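Below is one structure, written out as structure tokens, with a few remarks after it.
Hydrogens, waters and symmetry mates play no part in the numbers below; they use all other heavy atoms, side chains included. Because the structure is a prediction, the values reported are computed rather than measured. Letters A, B, ... are given to chains in the order of the sequence lines, protein chains preceding strands, and every chain is numbered from 1.
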Protein chains: 2
Amino acid sequence: MATMAVENYLKHVLLLSEGGDGLVSMGALAGALEVVPGTVTTMIKALADEGLVEHQPRHGVRLTHDGRRLALSVLRKHRLVETFLVNVLKMDWSKVHEEAEQLEHAISDEVLDRLDALLGHPATDPHGDPIPTRQGKISSQVYGTLATCVVERDVRVVRILEQSPEFLQFAEHHRLQPGAMLHVVDRNLTAGMVTLKPGTGRAIAMSLTAAGKILVQPER
Amino acid sequence: MATMAVENYLKHVLLLSEGGDGLVSMGALAGALEVVPGTVTTMIKALADEGLVEHQPRHGVRLTHDGRRLALSVLRKHRLVETFLVNVLKMDWSKVHEEAEQLEHAISDEVLDRLDALLGHPATDPHGDPIPTRQGKISSQVYGTLATCVVERDVRVVRILEQSPEFLQFAEHHRLQPGAMLHVVDRNLTAGMVTLKPGTGRAIAMSLTAAGKILVQPER
DNA sequence: ACTTTTATTTTGACTCTTCAAAGTAGCGTG
DNA sequence: CACGCTACTTTGAAGAGTCAAAATAAAAGT
């Protein structure tokens, strides 16, 4: 069985390799895992010996087939646990990440399957992050963001990329949660601002940076 | 924060000190924790330095106030998680111990409180073991066993002490679960057998040893 | 091309938890 | 009271995961 540390390393390699399609840098990993770079080198060498990652010294690391399988299983646990905490225990979605960080290493496949059934086999977690299937498939659909979509158009929020408690609280306050409908009123590149009109309630203004963290789907 | 190992040592000191009212022997701890005796000595010395246990060399160990507080909190997590797994996820009660063993170290107080509320603040877990309150109170009511109670009398099962998967499966098969009503038909000391008649279904015979693991309450 | 900066790796050390095996204290029996 | 059994403790070593700081390789600037 993989230790907690191993599971965390693999999970973060997976998360960091989304987007930047090739190798994950050691520094990025060190940052994400909150350890010093030397520790990452040590650990990655061990994981490479176990056949879980492929390490190209001085360049970076990528998951092997086995490593990816394990990483997806950890991610599945994380996201299903988050969904449970929000949907069943009604916890604040800005706090569940921390909790899931611990629980993802303690939960068995059997419990996970039952949780999955209890929740109705959700496709995404409360932040809109896709939940890998038991077979290790994960949706990789590409969406636009509030910083890039066409203006004067109705869109539906599908995912919040930035998941710091502060940002999530901000988003919740304005009901910017997956499923929410919005009209994109204006985007001003000079001022770096986007203006939105929710279906109900008053207009929302936010920076392009923030807007770039919110994935949306054109509606109709 | 206490590590998993620390939590486990404290929990087992607590469990082993139920009944044998004074000191817990190092050997008993080694057995319960499945480590060699030398390891226990090492760890207990460390816990004594932290003020969590009181160690009387060559005689045994007992919890301090702080140690007991922590141990009760772990036990509360364990038993509430078991209750959740059985009552909500409908898992087999013979398997939940293993699962809870892991989860008890990963669950936060906040999640625990919500779980407790979801379950309706249960007083006991599915095996009838009392669940410590958030304030660290634990019911220590004394019950008779099927091996000691008066014959020709109706009793109600309140707790199963032996919790190996095999014994629990045996108990479940005969519906010997907390809440079940029984008539104690006969006890034969020579043969070492007890005969029971459930409210519904055919008579059950079991050894005195097995009967001694089932706590009951006289009914009416 | 040479130098500076930055990212990565190496080295040595430390903590935590464990084991195996050797040593020692306590206890009961004769 | 000495003997021997059992329980406990000590000692030395190991693996996992980490850090700090020195060494090195790659990338970027001038």
Rounded interatomic separation in angstrom, taking CD1 from A:I44 and C1' from C:dT8: 12 Å
Length of the CG-P vector between B:L47 and C:dC16, whole Å: 12 Å
Residue B:H59, side-chain heavy atoms: nucleotide from D:dC8, C:dG26, C:dT8 that is nearest: C:dG26
Ion pair check, B:D116 and B:R134, cut-off under 4.0 Å: no
Nucleotides 12-25 of chain D: protein proximity per nucleotide (B base, S sugar-phosphate only, - neither; heavy atom, under 4.0 Å): -----SBBS---BS
Separation of C:dT9 P from A:L29 CG (nearest whole Å): 11 Å
A:T41 side chain, from C-beta outward: closest of D:dA26, D:dT9, C:dT10: C:dT10
Between P of C:dT17 and CG of B:L33, the distance in whole Å: 12 Å
Degree of bending in the helix from C:dA1-D:dT30 to C:dG30-D:dC1 once both end axes are built from five pairs, to 10°: 10°
Side chain to side chain donor-acceptor pair (under 3.5 Å) contacts touching residues 123-133 of chain B (sequence neighbours left out): B:E82-B:H127, B:D129-B:R159, B:D129-B:Q163
Partner residues of B:K77 under the salt bridge (Lys or Arg N to Asp or Glu O under 4.0 Å) criterion, sequence neighbours left out: B:D109
Sequence neighbours excluded, every pair satisfying side chain to side chain donor-acceptor pair (under 3.5 Å) that has a member inside residues 29-41 of chain B: none
A:A191: partners by side chain to side chain contact (heavy atoms under 4.5 Å, CB included), with sequence neighbours left out: A:N188, A:M193
Spacing of A:M26 atom CE relative to C:dT6 atom C1', expressed in whole Å: 15 Å
Protein-nucleotide distance (B:L10, atom CG; C:dT17, atom P), rounded to Å: 11 Å
Pairs satisfying salt bridge (Lys or Arg N to Asp or Glu O under 4.0 Å), at least one member in residues 91-103 of chain A, at least two apart: A:K11-A:E101, A:K95-B:E110
Distance-only side-chain donor-acceptor flag, A:Q102 / A:E104, under 3.5 Å: no
Pairing residues for B:V158 by the side chain to side chain contact (heavy atoms under 4.5 Å, CB included) criterion, not counting sequence neighbours: B:Y143, B:L215, B:Q217
By salt bridge (Lys or Arg N to Asp or Glu O under 4.0 Å) - contacts of A:R187 (at least two apart): none
Under 4.0 angstrom between A:H55 side-chain N/O and C:dT9 OP1 or OP2: yes
